[in-house]
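As a basis for the values below, the full set of heavy atoms in this structure was taken, side chains included, without hydrogen atoms, waters or symmetry mates. Here is the naming used below: chain letters follow the sequence lines, and residue numbers restart at 1 for every chain. Just so we're clear, the structure is a prediction, and the values are computed from it rather than from any experiment.
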Protein chains: 2
Amino acid sequence: MSLKHAILGFLSLSPLTGYDLKKHFDQSVRHFWPANQSQIYRTLAELDAEGLVSKDVIAREDRLDMKVYHLTETGLAELRRWLAAPLPMQETREPLLVQVFFAGQITDAELLSVLRSQLAEAEAVLAALTAIYHQQLEGFPALAAPRSAFFSTLTLEYGLAAYAALGRWLLAAIRRVEAQDYAPAPLPDLIGAQA
Amino acid sequence: MSLKHAILGFLSLSPLTGYDLKKHFDQSVRHFWPANQSQIYRTLAELDAEGLVSKDVIAREDRLDMKVYHLTETGLAELRRWLAAPLPMQETREPLLVQVFFAGQITDAELLSVLRSQLAEAEAVLAALTAIYHQQLEGFPALAAPRSAFFSTLTLEYGLAAYAALGRWLLAAIRRVEAQDYAPAPLPDLIGAQA
DNA sequence: CTGTCCATGTAAGGCGTTACATGATTGT
DNA sequence: ACAATCATGTAACGCCTTACATGGACAG
């Protein structure tokens, strides 16, 4: 379960409240690990019960207490253990592929409309990620990129590569449906082999 | 929820028992929509209650009755409606990216071992998909690919493209960690732009 | 004076997983 | 004799989502 470990990860950088954590998720990892508020509060309580985090309760007059969470030693150890352990093979679910797989039940026109709307979305995400990428380039203009920033850059680059690949696949699919060309694509094109 | 619609999809091709459905899932869509047995039985019961499928009960002496499910008219209509409707933006969870994002807490050596084991897995999946691809080429050798086979081919091609992209990203990441080169990669490389 | 931000949670439901349980038939 | 296949399900738990609920501070 990565949510627990993502929370441990953020807390390893600084102590935070549940509310702060939600903002951190939304600002950095939401593209690959969205988390909602009730989930974060519940998971913090679990981590607390397990002794991986502990909290300082800040009493405030007339308001709910504020709880600032920080890692315990066992929490840090667990985070490091998880980060260094290879992940068990994970299964992905792609509803778009389910739609394509059973597209025999719909017309070419209907399928094209589905594919085109997916393509528009993929291009929008790609544009958004590209904008963030350029922003980061300004922050670390030359060769002065520190190791700490590198990992965030890497996850961004994954997003760029993945959405670009999705876009290319969609575009190729659209063209072939339009041309009613049902032959398989050549392998080198698919896996992006260089000539 | 795509499981319901995947089941409707299979039943649109032929009536099946729960057991048959499980085999169909495992043989064709497991790469992008794994389903387990108890889930299938529960969902069939729900679909039945909703009137999207109905069943013929085949009584057998000394054994449990066999239930063969088939689509109803509303079931087919619902399948077609879902297949033609653009999907709501779906959020993905990538635990590997969580590991990379917080890799500041582990050493280069530990990170490299994680990345290399992911790369080995990605290459294994790519090899498996490539084998299936070649098998399909034999089945439809020339230009005689029918529309019905095309959609299955398309989903396979998606898998090839996605795992190839993952592998390229992992390899690039490994090389940069090894070289302690923390500069961002150039955009055209990332999105696979042609020169 | 209305809405957004800060900050906390609870409740209910959906989807998925793992493990358990049964029992005849077919293959080695 | 033993295992795999056919064929059905139940139980319990885990993770995530949506919606609901509270209430002060501050900005337009």
ask   = Between K23(A) (NZ) and dC6(C) (C1'), how many Å, whole number?
value = 8 Å

message = Rounding to an integer number of Å, can you tell me how far I40(B) CD1 sits from dC15(C) P?
response = 15 Å

Where at least one partner belongs to residues 23-37 of chain A, residue pairs that pass salt bridge (charged side-chain N to carboxylate O under 4.0 Å, His left out), sequence neighbours excluded = K22(A)-D26(A)

request  = Using five pairs at either end of the helix from dC1(C)-dG28(D) to dT28(C)-dA1(D), determine the angle between the two local helix axes and round it to 10 degrees.
outcome  = 30°

inquiry  = With a 4.0 Å limit, can you tell me whether Y41(A) has a side-chain N or O closer than that to the phosphate oxygens OP1/OP2 of dT8(C)?
reply    = yes

Nearest-angstrom distance from the residue atom CD of E50(A) to P of dG14(D) = 11 Å

inquiry  = With no hydrogens and no angle check, just 3.5 Å: does a side-chain donor-acceptor pair link Q99(A) and H5(B)?
reply    = no

message = Expressed as a whole number of angstroms, how long is the span from I58(B):CD1 to dA24(C):P?
response = 19 Å

key: Partners meeting side chain to side chain donor-acceptor pair (under 3.5 Å) with T74(A) (sequence neighbours left out)   = T72(A)

query = With sequence neighbours excluded, what pairs up with H24(B) under the side chain to side chain donor-acceptor pair (under 3.5 Å) test?
reply = none

note = For E94(B), the side chain to side chain donor-acceptor pair (under 3.5 Å) test, sequence neighbours excluded, returns none

request  = Considering only Ile, Leu, Val, Met, Phe, Trp and Tyr, and joining two whenever side-chain heavy atoms are under 4.5 Å apart, list the other residues clustered with V57(B).
outcome  = none

task = In whole angstrom, give the distance that lies between atom CG of L44(B) and atom C1' of dT8(D).
result = 12 Å

note = Whole-Å distance, D65(A) CG to dA7(C) P, equals 13 Å

Atom pairs and distances, donor-acceptor, side-chain atoms in residues 10-18 of chain B, under 3.5 Å, two or more places apart:
| unit_1 | atom_1 | unit_2 | atom_2 | d |
| --- | --- | --- | --- | --- |
| S12(B) | OG | Q105(A) | NE2 | 3.1 |
| S12(B) | OG | G9(B) | O | 2.6 |
| T17(B) | OG1 | Y19(B) | N | 3.4 |
| T17(B) | OG1 | D20(B) | N | 3.0 |
| T17(B) | OG1 | D20(B) | OD2 | 3.1 |

note = Residues of residues 14-22 of chain A with a heavy atom under 4.0 Å from any atom of DNA chain D, listed by number, are none

message = Tell me the interatomic distance from D26(B), atom CG, to dA7(D), atom C1', rounded to whole angstroms.
response = 15 Å

remark   = The side chain to side chain donor-acceptor pair (under 3.5 Å) partners of S54(A) (sequence neighbours excluded) come to H70(A)

query = Could you give the CD-to-P distance, from Q90(A) to dG16(C), as a whole number of Å?
reply = 15 Å

Identify the pairs formed between an N or O of the protein and an N or O of nucleotides 17-20 of chain C at a distance under 3.5 Å, and give each distance.
| unit_1 | atom_1 | unit_2 | atom_2 | d |
| --- | --- | --- | --- | --- |
| dT17(C) | OP1 | R93(A) | NH2 | 2.6 |
| dT17(C) | OP2 | N36(B) | ND2 | 3.2 |
| dT17(C) | OP2 | Q39(B) | NE2 | 2.8 |
| dT17(C) | O4 | R42(B) | NH2 | 3.2 |
| dT18(C) | O4 | S38(B) | OG | 2.7 |

task = Find which nucleotide of DNA chain C each of V68(A) and E46(B) is nearest to by heavy atoms, and output the residue with the more 5' nucleotide.
result = V68(A)

List the atom pairs, donor and acceptor, that lie under 3.5 Å between side-chain atoms in residues 43-51 of chain B and the rest of the protein, sequence neighbours left out.
| unit_1 | atom_1 | unit_2 | atom_2 | d |
| --- | --- | --- | --- | --- |
| T43(B) | OG1 | Q39(B) | O | 2.7 |
| D48(B) | OD2 | K55(B) | NZ | 2.7 |
| E50(B) | OE2 | K4(B) | NZ | 2.6 |

query = Knowing that exactly one of R80(A), E78(A), E73(A) qualifies, which makes a side-chain contact (heavy atoms from CB on, under 4.5 Å) with L76(A)?
reply = R80(A)

message = From the set dA7(D), dG9(D), dT8(C), return the single nucleotide nearest to any side-chain atom of M66(A).
response = dT8(C)

query = Which salt bridge (charged side-chain N to carboxylate O under 4.0 Å, His left out) pairs, counting each pair once, include a residue from residues 115-128 of chain B, with sequence neighbours left out?
reply = R116(B)-E178(B)

